[in-house]
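Ligands are counted one by one from 1 in listed order, and the atoms in each one are counted from 1 as well.
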Amino acid sequence: MKNHAGGLEEKLRDCLDHPLFRVVSEVSGEMDVPAFVVGGYVRDCLLGRDHPDLDIDIVVVGRGIEVARAVARRLRPRPRVNVFRNFGTANFRYENIEVDFVGARRESYRRDSRKPIVEDGTLEDDQRRRDFTINAMALALHPKEWGTFLDPFHGLDDLRKHLIRTPLDPRITFSDDPLRMLRAIRFATQLDFRIEPTVFEAIRLNRKRIHIVSMERIITELNKILMSPRPSVGFLLLDRSGLLEEILPEIHALKGVDQRQGKAHKDVFLHTIQVVDNVARKSDNLWLRWAALLHDVAKPATKKFVEGQGWTFHGHDFIGSKMVPRIFRRLKLPLNDKMKYVQKLVALHLRPIALTTNEVTDSAVRRLLFEAGDDIDDLMLLCEADITSKNERKVRQHLENFRKVREKLKEIEEKDAIRNFQPPVTGEDIMETFGIPPSRTIGILKEAIKEAILEGTIRNDRREAYRYMLEKAREMGLEVRKNLMAAEEGASPEDDR
Ligand code: ATP
Ligand code: MG
């Protein structure tokens with residue numbers, strides 16, 4: 001999509017540039033059913049906003065499924081059409097574009113469900129059921145009215161004013177479908193728009209109704225907020241609307257400042273969302289953003305005032321990492337390696353700070369490399385993002401310290417290759433050498449070797465590790481198999497791998 005400096009007319013013409021629209025137009029003319037492109041595509045095109053996964057919504061007044069089929073028949077390569085009879089909708093993928101066809105409809109809602117009663121309607125009925133004015137603009141595709149801009153709710157004005165507003169009374173819009181509350185905040189965050197005050201008030205009023213929305217839908221919006229350029233915008237709106245407390249109580253619990261004996265700690269919520277913004281500037285890894293959001297999640301649980309010292313949060317890194325699975329499960333986030341990654345970063349987020357002192361030992365650096373593995377770079381990003389002091393001098397000092405830590409990490413990694421640590425002596429090696437079956441002994445020996453490497457007693461090298469194993473085994477009273485005795489003199493059967 002191009003953002004031309006030119007006038008509206010020209011922009012709208014560009015929006016219909018894609019050959020797909022010509023085909024829809026032909027079909028619309030031949031079948032003589034009105035068809036329009038509506039919603040997100042029109043909005044993003046007018047904004048000149050590139051969309052990562054482009055989707056195009058076509059509204060047809062009547063016979064949406066038939067039009068979809070006829071359009072697909074004319075495209076090369078011909079896409080496969082998915083039809084949803086119950087909803088009167090159809091869609092297909094064409095050149096990485098998701099194209100949806102819906103019959104124009106009128107919707108009415110019941111109190112206890114997001115599922116409306118649906119009847120056929122006019123284009124304007126269809127626009128009215130849409131969530132926001134900026135999402136309710138349409139462009140006509142029928143040859144007789146090709147390119148006509150239909151904007152009964154003044155979405156274009158709101159687009160220019162950077163305003164989120166609803167076509168209907170917002171209390172009805174949000175009560176009908178509470179997911180729209182999160183969508184409002186998500187669009188405000190993605191686009192850096194304001195939510196109109198009466199609209200915002202309606203979100204506050206309806207906040208408890210968010211619980212009729214499935215967690216999957218909620219998390220889709222939360223992830224989009226997190227993936228925005230400045231996620232803090234969204235979290236502040238979530239907080240002010242009362243939605244934060246409903247959907248992310250653990251984050252809501254970070255709010256507030258305690259004072260005692262003239263000592264205050266910082267507001268952990270405000271700090272946290274600033275850290276999220278900081279990582280957002282450096283990386284588009286969603287899970288790193290989740291790690292930033294959760295890095296201090298155990299601060300409320302571990303908070304203590306210590307006489308003469310002030311506020312402490314001992315163990316919040318460890319306890320926080322233990323809280324992650326429960327939070328992920330509730331939010332229906334994946335419980336796989338993504339969760340483990342978040343847990344790991346939360347658990348380790350203080351460790352690089354411990355390496356900033358001058359007397360840091362190589363073994364401490366090796367241990368961190370071992371535990372962080374390939375996520376060490378993300379961990380360092382998180383640590384740097386965690387600096388939110390307003391004191392410029394302090395910030396510079398901390399950053400300089402972390403720069404030195406990065407250097408040390410690099411130096412030790414080049415020397416000892418710990419990041420992707422593979423035991424230099426395997427369980428099979430041990431079984432073979434001593435002629436013993438799988439047992440606890442093997443684990444003990446492997447652990448001893450790993451410890452010796454991390455401590456720096458031996459290098460991460462097969463020959464040294466093998467010798468060390470023989471030594472340890474002797475202490476444990478293990479005997480080398482007769483025909484392997486020779487190996488004890490020299491080194492291992494094959495030296496390097
Ligand atoms: P994005 O694709 O960036 O998520 P979008 O606005 O295109 O944004 P979609 O979910 O693709 O959002 O929906 C397409 C259109 O359908 C929207 O622009 C809007 O007009 C309408 N819409 C989507 N969800 C809702 C909803 N919950 N209530 C009312 N209208 C909706
Ligand atoms: Mg869309």
Q) Do the two ring centres, one from Phe92 and one from Phe101, sit under 6.0 Å apart? A) yes

Q: Using heavy atoms and a cut-off under 4.0 Å, could you grab the residues that are in contact with ligand 1, chain by chain, numbers ascending?
A: Gly39, Gly40, Arg43, His51, Asp55, Asp57, Arg129, Arg130, Asp131, Asn135, Asp177, Arg180, Arg183, Arg186, Phe187, Lys224

(Q) Quick one: does any side-chain atom of Tyr109 pair with a main-chain N or O of Thr173 as donor and acceptor, under 3.5 Å? (A) no

Q. Is it true that Arg129 and Asp125 have a side-chain N and a carboxylate O under 4.0 angstrom from each other?
A. no

Q) Listing residue and atom name, which protein N/O/S atoms are closer to the Mg ion (ligand 2) than 2.8 Å? A) Asp55 OD1, Asp55 OD2

Q | Any pair counted as salt bridge (charged side-chain N to carboxylate O under 4.0 Å, His left out), so long as it reaches residues 321-340, sequence neighbours left out | A | Glu250-Arg330

Q) Would Glu400 and Arg403 pass as an ion pair if we require N to O under 4.0 Å? A) yes

Q: Could you tell me whether Arg419 and Asp374 have a side-chain N and a carboxylate O separated by less than 4.0 Å?
A: yes

Q) Would a line drawn from the ring center of His295 to the ring center of His271 be shorter than 6.0 Å? A) yes

(Q) Is a donor from one side chain sitting under 3.5 angstrom from an acceptor on the other, for Gln397 and Asn401? (A) yes

Which pairs would a plain distance check flag for residues 183-193, meaning a side-chain donor or acceptor within less than 3.5 Å of a matching protein atom at least two apart in sequence or in another chain?
residue : atom : partner : partner atom : Å
Arg183  : NE   : Asp131  : OD2          : 2.6
Arg183  : NH2  : Asp131  : OD2          : 2.9
Arg186  : NE   : Glu221  : OE1          : 2.7
Arg186  : NH1  : Gln190  : OE1          : 3.1
Arg186  : NH2  : Glu221  : OE1          : 3.4
Thr189  : OG1  : Ile185  : O            : 2.6
Thr189  : OG1  : Gly234  : N            : 3.3

